[in-house]
Structures are given as structure tokens and as C-alpha cells.
Amino acid sequence: MTYLEMLEYIYKERPSGKITLGLERIIELCELLGNPQHSFRSVHVTGTNGKGSVTKLLSNLMIEHGFQTGAYYSPHLSSFKERILVNEEFVPDELYLECFKEVQKFAKQMDQKGEAHKPSFFEFTTAMAFCIFQRTKVETGAIEVGLGGRFDATNVLKSDVAVIVTVGYDHMHILGDTLEKIAFEKAGIIKDSIPTVCGETKPGPVEVIKKVCEEKRSELHLLSRDFIYENMQMKLNKNRFDFKGLKNFEGLELTLNGEHQFLNASVALQAFLLFADRMGFEVKEEAVRRALKKTTHPGRFEVVGEKPRYIFDGAHNAPAAASLKKAVNTYLQGERLAGLVGILDDKDKVGVLSQIAPLFQRLMITRPVSHRATNPQETYEIARRYNDNVSFEPDPVKALETLKEERWSTIIITGSLYLVGYVRDYVLDGKLEPEWAIAG
């Protein structure tokens with residue numbers, strides 16, 4: 001079996017479009033594997049927005065302090081390999097295949113019990129990640145929740161710190177239609193007697209998180225109460241701020257762009273300081289500075305090239321769109337911009353487009369490469385409400401080439417991480433990963 005054949009199986013036999021809530025399958029699958037998720041110490045990260053960046057920051061903080069570190073992300077941009085990293089690097093195909101065969105063996109046993117017992121795409125890949133981390137002798141892990149928290153497959157972890165970055169409206173058909181209900185689902189990762197770090201400040205969701213922490217005897221660390229960021233200076237790819245929390249740092253440099261990244265970095269720092277306390281190691285200032293400066297997160301206001309200059313940003317929901325709008329007004333004020341936008345059908349298209357469509361002098365709507373994007377025409381019709389210069393081209397590559405022919409100096413690709421990954425792949429390599437033919 002090859003790596004691509006492995007992916008073919010995962011995508012086709014473990015379809016990602018089907019979500020059946022519950023931890024029973026992942027618990028059984030991990031038990032059959034010998035519970036590899038208990039072989040390393042970890043920080044568990046959820047949040048409507050920011051969880052990927054916080055996980056990246058935590059991973060680099062762990063690496064810079066000398067730990068063999070596993071990091072688990074979802075979704076990926078271009079390659080499935082981006083989901084499971086050891087020391088922020090891809091693992092060999094051979095290791096993927098070894099762990100795939102091990103997980104597949106037990107998953108097939110579970111399949112025999114009926115459809116309700118069949119491990120899903122995310123459960124299968126989560127088990128693979130834990131298997132890979134065990135085999136590579138990972139000591140610490142930064143683990144990102146896929147969706148929600150309470151019933152997410154990653155919630156089989158016995159983490160040392162729980163992190164809830166933000167609470168906003170997304171995946172409401174699964175998580176609930178109020179911020180309080182969504183907060184309750186995310187608070188499901190809080191474990192008995194372990195600390196929790198929260199970057200959310202809205203009273204409703206914070207009260208829910210406080211209540212869960214009280215029930216679980218979890219010490220809660222709240223942004224603005226227990227830790228803060230201040231003295232922000234914003235320059236593209238070179239942002240500075242001061243942090244005050246369990247330990248204070250002045251003049252930290254952050255390569256990640258956007259005002260929201262100060263929040264993400266502060267949440268990550270407070271969580272890491274708690275993690276270090278539980279692990280019993282000393283946090284070194286120079287290692288912290290190196291980690292923050294080296295952390296990049298593809299597809300999050302990422303700048304690529306010069307003529308034209310591409311900016312990739314996965315503004316896939318209303319809070320992320322607000323962050324993109326603020327970043328554009330901070331870093332690109334007064335510039336003429338073209339936008340290439342595609343949004344999944346189950347997202348808040350009005351909430352996203354009402355904020356970002358007016359930013360562009362030229363807007364091209366396209367279709368993200370996903371089974372969750374079957375109605376790009378609807379996206380186009382909504383976009384026309386907020387921008388007078390809108391075109392529709394369902395093929396993302398053709399849409400990008402049209403904007404290049406029009407000689408726009410800055411093109412922003414946004415609206416869906418599926419679109420961002422696809423176009424970014426094409427821009428960086430001049431071709432597309434063969435994985436897209438399987439995943440699409």
C-alpha cells in the first residue's frame with residue numbers, strides 16, 4: 001500500500017461528512033491500541049477561532065524547551081500530513097502506513113458490530129496521530145480539537161491544561177444556537193483538577209465556563225483578569241507586545257499577523273506556564289522569544305510573494321472575517337485589493353461577506369474544493385449585496401489567473417481553508433498536490 005492509497009481508504013471508507021456524536025467509538029479504538037494517548041503529556045486546545053494558532057504556538061514553545069513534541073491539527077491546508085507533526089515536521093510515509101494498518105485492523109473489528117460502531121474519518125485519524133506520537137516517543141503534545149470539545153475524538157486525552165481560546169457562532173447545527181450552549185460544548189474538555197485557560201471575555205460564555213470549572217475543581221485563568229497583553233505594535237510579520245501573567249515578558253516579537261494573534265499568543269503563554277508548572281520544568285525567556293518569533297501558521301494572514309503579493313487567510317466564519325477586516329485596515333490601509341473568496345455551504349455566508357466583501361475593489365467568487373461546497377452561486381448572489389464589482393468563476397485556478405491577468409498587486413484569498421489550501425498549493429508549487437483528487 002502507498003501513502004495515496006492509504007488516503008483513498010481514509011477518505012472513502014471513513015467519510016468525513018458524517019458526524020455521529022459520542023466518545024464510545026474513539027474510547028474503544030484507543031483501548032484496542034493500548035491507549036497511546038496516555039504515553040505523553042499534553043495541552044488540549046479548543047475555541048471557535050484561534051485554536052490552530054494557539055496549538056502552533058504551544059508546539060513551538062514545547063520544542064524550544066527541548067521536548068520531543070507532537071502536534072495535531074485540523075483541518076489541513078494542502079496535505080493530510082499537516083495534521084500530524086512531530087517537532088513541527090512531517091513524519092515519514094512508512095510510519096503513516098505502519099500506524100494506519102494498526103488502526104485499520106481494530107477499526108475493521110469495530111465495523112463488524114454495525115454502522116453505529118464504525119469509526120469516523122476524524123476518529124480514525126485521531127487514533128493514527130496518537131499511535132504515531134507513541135512510536136516517535138513524543139514527550140509533550142499540543143492537541144487541537146476538531147469540533148466542539150465534549151464529544152470530540154481528541155477528548156480521550158488526559159491533558160495537563162485545557163484551553164478555550166474563544167467562543168463564537170459556528171457549527172451551530174451541532175453545537176447549539178447560543179453562545180452559552182457552544183461554550184458548554186467547548187468546556188467539555190475541562191478535566192477534574194487540571195487548570196483551564198480562557199481567552200473569551202463575553203459574560204454569557206464565561207459564566208458557563210466558570211460553572212464547569214467549579215464543578216470540575218479546575219483553576220480558571222481568564223484573559224483580562226489573570227493575564228493580559230498590552231503595548232501592542234503592529235507591523236506586517238513583525239508585531240510586538242508585552243505579556244503579564246504567571247510570568248511577565250516585555251517586547252515579545254510575534255510573526256503571526258493580526259491583532260487577534262496577541263490574544264492567541266497570550267492564551268498560549270499562560271497555558272504553557274501552567275503546563276511547565278505541572279511538568280516541573282523552568283520556562284526560559286529566550287526560548288519563549290524564539291518560539292513566538294518562529295511561529296507561523298499557513299493560511300492565517302500569511303503573506304506570499306511580491307508581484308503579485310498574495311495574502312492567504314481562512315476567514316471561514318463571522319469572527320474570523322472580523323479579524324481579517326481589522327488586519328486589512330491595519331496593514332493594508334489605502335491599498336487597492338482584489339479578493340478571491342469561496343465559502344462552504346454550512347457557514348454563515350452573510351456574516352462573512354457583509355464584513356469582507358466591501359474591502360475589495362474587485363471580488364471574484366469561486367467554489368472551495370469540498371463536498372460541503374455545492375452552491376457557490378448562492379455565495380455569488382450574497383456577495384453582490386455588498387460589492388458592485390463581483391464575478392463568478394467556479395474553478396479556483398481559473399479565477400486566480402483572471403485576477404493575475406488584471407494585474408492586481410495584492411490578491412487576498414479567503415473564506416474557506418479548503419480554498420486557501422488549494423490556491424496556496426498552486427501558487428507555491430505551480431501545481432496541485434495529488435491528494436486533492438482524492439479529497440475533493
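Quick note: numbers below take in every heavy atom, side chains included, and nothing from hydrogens, waters or symmetry partners.
In this structure, E123 contributes its side chain and S120 its backbone to a donor-acceptor pair below 3.5 Å.
Put simply, the side chain of L29 reaches to within 4.5 Å of the side chain of M110, judged on heavy atoms. Using a 4.5 Å cut-off on side-chain heavy atoms (C-beta onward), K56 and R300 make no contact. In this structure, H44 and T154 have side chains that are in contact, with non-hydrogen atoms separated by less than 4.5 Å.
Using a 30° and 60° split on the angle between ring planes, F100 and F124 fall in the tilted class, from 30° to 60°. Aromatic ring pairs are classed by plane angle as parallel below 30°, tilted from 30° to 60° and perpendicular above 60°; the pair Y229 and F241 is perpendicular. Taking the six-membered ring where the residue is Trp, F281 and H65 present tilted rings, their angle falling between 30° and 60°. Ring geometry, F312 versus Y310: the interplanar angle falls under 30°, so the pair is classed parallel (tilted spans 30 to 60°).
Partners of N387 under the side-chain contact (heavy atoms from CB on, under 4.5 Å) rule, at least two apart in sequence or in another chain, are A357, F360, L363, N389, V390. Taking the side-chain contact (heavy atoms from CB on, under 4.5 Å) definition, one finds that E185 meets it with R150, F151, L175, sequence neighbours left out. A338 meets the side-chain contact (heavy atoms from CB on, under 4.5 Å) test with R362, L403, W408, I411; sequence neighbours excluded.
Closest non-hydrogen pair, F130 versus F40, comes out as CD2-CZ, 3.9 Å.
Inspection of the N231 and D242 side chains reveals an N or O donor paired with an N or O acceptor under 3.5 Å. A side-chain donor-acceptor contact under 3.5 Å links E435 and S79. Using a 3.5 Å distance cut-off with no hydrogens or angles, the side chains of E302 and T296 do not pair a donor with an acceptor. Side-chain contact annotation: T126 with Y72, donor-acceptor N/O pair under 3.5 Å present. Side-chain contact, K191 with N155: a donor N or O sits under 3.5 Å from an acceptor N or O. At a cut-off of 3.5 Å, with distance as the only test, no side-chain donor of S78 or E433 sits close to an acceptor on the other residue.
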Residue pair E214, K211: steps toward the salt bridge (Lys or Arg N to Asp or Glu O under 4.0 Å) verdict = CA-CA 5 Å; E214 287 170 6; K211 185 178 178 183; over 6 Å; no

